[in-house]
Amino acid sequence: MKLPLEFYQEQDTLTLSQRLLGCELVHESPEGTTAGIIVETEAYLTGDPACHAYRRRTARNAAMFGPAGTLYVYLIYGFYYCLNVVTGPEDVGEAVLIRALEPTEGISLMGERRNLDPSTSAGLRGLTSGPGKLVIAMGITKEHNFQSLTTPDAVSPVYIRPRRRTAIEMVTTTRIGITQGADLPYRFYEKGNRFVSKW
DNA sequence: TGAAGGATCAACT
DNA sequence: GTTGATCCTTCAG
């Protein structure tokens with residue numbers, strides 16, 4: 001059921017950013033399985049000054065240069081991790097940032113990880129309504145950097161599967177929290193979904 | 001060798 | 001609306 005390698009290989013980064021909306025991100029962790037529908041993404045392309053791979057390949061951004069369908073996890077502001085899906089051919093540093101999820105599975109486990117009460121409306125929304133939050137709720141760590149979304153390795157499996165739902169209305173805007181390339185329309189989210197981080 | 005700054009969040013006023 | 005928490009990477013000297 002998981003999306004095959006070809007899904008990541010055969011589409012460019014901007015197309016993938018849009019097509020990942022409505023798909024479901026799954027983590028089969030030792031504590032239990034958590035999953036959520038992707039409702040917000042951002043694209044980071046080569047030649048884009050906001051992209052970590054813009055300057056050159058370094059130890060930090062090396063995963064972005066891996067094959068499509070690889071995970072890129074990195075620390076931001078010293079506190080939080082962000083989760084990216086690597087796209088583009090090998091040796092091309094492009095990726096899609098997953099910015100928000102709508103929880104579907106393992107909600108009580110997410111609540112424990114986030115120290116929130118999912119039985120309240122605010123608590124539920126707070127589980128995954130931002131890139132740093134969803135990484136905590138899903139139990140994803142820096143150990144998942146470089147892991148494949150299609151070929152499980154030693155770390156607990158993370159993958160994305162299609163999820164049938166009615167056609168969504170998509171909104172295209174500029175990206176959040178960056179200074180370079182701030183005018184580029186590379187952010188995509190599901191219109192009206194309350195788990196989107198900001199609208 | 002050092003210092004600046006960043007794809008964030010939560011708790012303040 | 002503003003600010004503090006806190007750490008790793010990068011670039012300059």
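Note that the structure is predicted; figures quoted are calculated from it, not measured.
With the nearest nucleotide of DNA chain B identified for both A/G126 and A/T179, A/T179 has the one nearer the 5' end.
Counting only distance, with no hydrogens or angles, the side chain of A/E94 and the backbone of A/T46 share a donor-acceptor pair below 3.5 Å.
A close approach under 4.0 Å does not occur between any side-chain nitrogen or oxygen of A/K142 and OP1 or OP2 of C/dC8. Remark: A/R56 is in phosphate contact with C/dC11, judged by side-chain N or O atoms under 4.0 Å from OP1 or OP2.
Between the CG atom of A/L71 and the P atom of B/dA7 there is a distance of 19 Å, rounded to whole Å. Residue A/Y81 contributes atom OH, which lies 16 Å from atom P of B/dA7 at whole-angstrom precision. If you measure from atom CZ of A/R57 to atom P of C/dT9, you get 16 Å, rounded to the nearest angstrom. The CD1 atom of A/I76 sits 14 Å away from the P atom of C/dC7 (whole-angstrom rounding). Nucleotide C/dT9 holds its P atom 16 Å from the OH atom of A/Y77, rounded to whole Å. Whole-Å rounding puts the A/L116 CG to B/dC9 C1' distance at 12 Å. A straight line from CD1 of A/I98 to C1' of B/dT8 spans 17 Å, rounded to a whole angstrom. Between the CZ atom of A/F188 and the C1' atom of B/dA7 there is a distance of 15 Å, given to the nearest Å.
Taking the charged nitrogens against the carboxylate oxygens, A/E31 and A/R113 do have a contact shorter than 4.0 Å, which makes a salt bridge. Checked for salt-bridge contact, A/D48 and A/R175 meet the test: a charged N lies under 4.0 Å from a carboxylate O.
Judged by distance alone with a 3.5 Å cut-off, a donor-acceptor contact links the side chain of A/Y74 to the base of B/dA7.
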Kindly determine whether A/D117 and A/T120 satisfy side chain to side chain donor-acceptor pair (under 3.5 Å), including the steps that lead there. CA-CA 6 Å; A/D117 179 3; A/T120 69; 5.1 Å; no
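For B/dA7, there is no paired nucleotide, since no Watson-Crick or G-U wobble pair has both relevant distances below 3.5 Å. Remark: C/dT6 base-pairs with no nucleotide; criterion is Watson-Crick or G-U wobble with both hydrogen-bond distances under 3.5 Å.
Among the nucleotides B/dA7, B/dA10, C/dC11, the one closest to any side-chain atom of A/R99 is B/dA7. Across B/dA7, C/dC11, B/dC9, the shortest atom-to-atom separation from the side chain of A/H52 is found for B/dA7. Counting only heavy atoms from C-beta on, A/P131 has its side chain closest to B/dT8 among C/dT6, B/dT8, C/dC11. Among C/dT9, B/dT8, C/dA5, the nucleotide with an atom closest to any side-chain atom of A/T58 is C/dT9. The nucleotide whose nearest atom lies closest to any side-chain atom of A/I178 is, among C/dC11, B/dA10, B/dA7, B/dA7.
The number of heavy-atom neighbours closer than 6.0 Å to CZ of A/R125, taken from other residues, nucleotides and ligands shown, is above 12.
Counting any heavy atom pair closer than 4.0 Å across all strands shown, A/R60 reaches sugar-phosphate atoms only and no base atom. Within the 4.0 angstrom heavy-atom criterion, only backbone atoms of the sugar-phosphate kind lie near A/L75; the bases stay farther away.
The aromatic ring centroids of A/H52 and A/Y74 lie less than 6.0 Å from each other.
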